[in-house]
Protein chains: 2
Amino acid sequence: MQDRTRDLGGSAPLLESALRQFAAVGFEGASLQRIAADAGLSKSSVLYHFASKEALLDAALRPAVEDLTELVEDLVALSDDPSRHVFLARFVDYLFEHRLAIAVIINHGQALAGHAVIDEADALVRDLAFRIGPPGGKDRRSLRFGVALSGAAFVLIAADRWATDHVPDEEVRAELVDVLGEFVLGVQQPA
Amino acid sequence: MQDRTRDLGGSAPLLESALRQFAAVGFEGASLQRIAADAGLSKSSVLYHFASKEALLDAALRPAVEDLTELVEDLVALSDDPSRHVFLARFVDYLFEHRLAIAVIINHGQALAGHAVIDEADALVRDLAFRIGPPGGKDRRSLRFGVALSGAAFVLIAADRWATDHVPDEEVRAELVDVLGEFVLGVQQPA
DNA sequence: CAGCGTACTGCACGATCGGTCAGGACCGGC
DNA sequence: GCCGGTCCTGACCGATCGTGCAGTACGCTG
């Protein structure tokens, strides 16, 4: 799973709590105060590590965007292969690892249009939607992929809230691979 | 389509702009000032019509929750019928009519847990997820329904942002009925 | 005309927002 | 022992937050 521990100079817990807050209440709704408290720091400390709230958003989403870039490049490489189910499993793994970042991009992306990271992520997702998926008009493909991606993101965040008991990650992962395969790679409905 | 024009004493545009803001930036991120300005009123006027920001959220989501209640009751009535595809078309219509409210409930519900309307809506959605869908463990069914619902909600909000040209509602609707049918009512993946 | 209810507003409040700044605690190297 | 750098802090700024309140314009009923 490549190089865990990027550079991020020790501010990892800060990025995590920032991501949690952004995913939960959105960028505007999240306050530096709460993010700081959640990470066990003062507000000033947050602004020492990151020049602004927007810079914090950028840093928090950056790893997810970088990994997504890599993922799209790999998809381009294997192009017309039937090994797409393997790719899909990789994609689900990606969603698991970056579930909070994905939630921010998908659920709050609308309101954050204009911010560099968000636009970048949006372009990547659109690209992915265009390259993956069954034949059909590109809008149709985008729609299907949109449903699948956003649905998956929701489940990754809300699975525990909805399930009666805790569902282990492994089970959710398997079901997601199944569901997305059926969905994105195209199984026609009978009649 | 039952009684359009509920009672709401003339404050309909206010509720609409409130819904827009809540869906876009979440409850915490939305400010009464912006909601008021968007509706062409002063902040004080908003608090004249609704006792608090939370009361405004309640009023804005209430119609969607009521219609959803009705929808679930109808689903219970037809129970084991094979007319589920008809019900699904109705459900998609519902999603269209209340797309903003659905976006709030789905995307921001997590952060709003505890608010009466949200908990009510959550229970309804869970109930719907349990009653609809293919056989399988209830968690598995909930997961599939969760993916479908959240995915649909996303598409209804973001369709225009993603599509290269504007996709007419009618087309999205047809595709959604198709997609959700295949997805929620259960078509097994070959192999 | 007087009186009342409805819709709406400006102003003021305490709290919190994102952000600046001066300084304190701790570090290794000179 | 002093210095520079890293990490972190509290105090403070102007703006905006949700909310309360007094007041105003308007239309109805008597």
Side-chain angles (χ1 to χ4, degrees), chain A residues 5-62 100 104 108-118, chain B residues 5-62 104 108-109 111-118:
Chain A
T5 67
R6 287 164 225 264
D7 52 335
L8 35 89
S11 53
L14 218 179
L15 288 179
E16 276 178 41
S17 49
L19 222 37
R20 266 195 302 271
Q21 291 290 320
F22 290 150
V25 295
F27 180 70
E28 305 214 40
S31 83
L32 292 178
Q33 207 115 235
R34 257 206 297 271
I35 293 171
D38 196 66
L41 291 176
S42 72
K43 189 176 57 162
S44 305
S45 279
V46 177
L47 288 163
Y48 164 75
H49 287 288
F50 305 96
S52 68
K53 195 185 180 185
E54 186 170 351
L56 177 57
L57 174 74
D58 188 290
L61 295 184
R62 188 57 61 188
L100 288 177
V104 173
H108 307 289
Q110 203 104 348
L112 294 173
H115 298 242
V117 214
I118 295 288
Chain B
T5 67
R6 288 165 223 265
D7 52 335
L8 35 89
S11 52
L14 218 180
L15 288 179
E16 275 177 42
S17 49
L19 222 36
R20 267 196 301 272
Q21 291 291 319
F22 290 150
V25 295
F27 179 70
E28 305 215 40
S31 83
L32 293 178
Q33 206 116 238
R34 259 206 297 271
I35 293 171
D38 196 66
L41 292 175
S42 73
K43 192 173 53 162
S44 304
S45 279
V46 177
L47 287 163
Y48 164 75
H49 288 287
F50 305 96
S52 68
K53 193 184 180 184
E54 186 171 352
L56 177 56
L57 174 74
D58 187 290
L61 296 184
R62 187 57 62 188
V104 173
H108 307 288
L112 295 173
H115 299 241
V117 214
I118 295 288

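In what follows, chains are A, B, ... by sequence order, proteins preceding strands, each numbered from 1.
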Nearest-Å distance for atom pair CZ/C1', residues B:R34 and C:dC17: 13 Å
At under 4.0 Å between heavy atoms, what does A:S44 touch on the DNA or RNA strands: base, sugar-phosphate, or nothing? base
In whole angstrom, what separates B:Q33's CD from D:dT16's C1'? 7 Å
Between D:dA15 (P) and A:E28 (CD): distance, integer Å: 19 Å
Donor-acceptor check, side chain of B:K53 to backbone of B:A30, threshold 3.5 angstrom: yes or no? yes
Using only side-chain N and O atoms of A:S45, determine if any of them is under 4.0 Å from OP1 or OP2 of D:dC8. no
For A:K43 and C:dT16, give me the distance from atom NZ to atom C1', rounded to whole Å. 8 Å
If we only count heavy atoms from C-beta on, is the B:L14 to B:F50 side-chain gap below 4.5 Å? yes
Report the distance from atom CZ of A:F50 to atom P of D:dC8, rounded to the nearest whole Å. 11 Å
Give A:A30 one of three labels, base, sugar-phosphate or nothing, depending on what nucleic acid heavy atoms sit under 4.0 Å from its own. sugar-phosphate
Could you check whether A:L47 gets within reach of a base, just the sugar-phosphate, or nothing at all, counting any heavy atom under 4.0 Å? base
Does a side-chain N or O of B:H49 approach OP1 or OP2 of C:dT6 to a distance below 4.0 Å, or not? no
Counting side-chain heavy atoms from CB outward, which of C:dC17, C:dA7, D:dT9 is closest to B:Y48? C:dA7
Whole-Å distance between C:dC17 P and A:Q21 CD? 11 Å
So, the side chain of B:H108 versus the backbone of A:V25: is there a donor-acceptor pair under 3.5 Å, distance only? no
Side chains of B:L19 and B:L61 in contact at under 4.5 Å (non-hydrogen atoms): yes
Whole angstrom value for the distance that separates C1' of C:dG18 from CD1 of A:I35: 11 Å
Give me the ring orientation class for A:H115 and A:F27: parallel if the planes are under 30° apart, tilted from 30 to 60°, perpendicular past 60°. perpendicular
Roughly how many Å is it from CG in B:L41 to C1' in C:dT6, rounded to a whole number? 14 Å
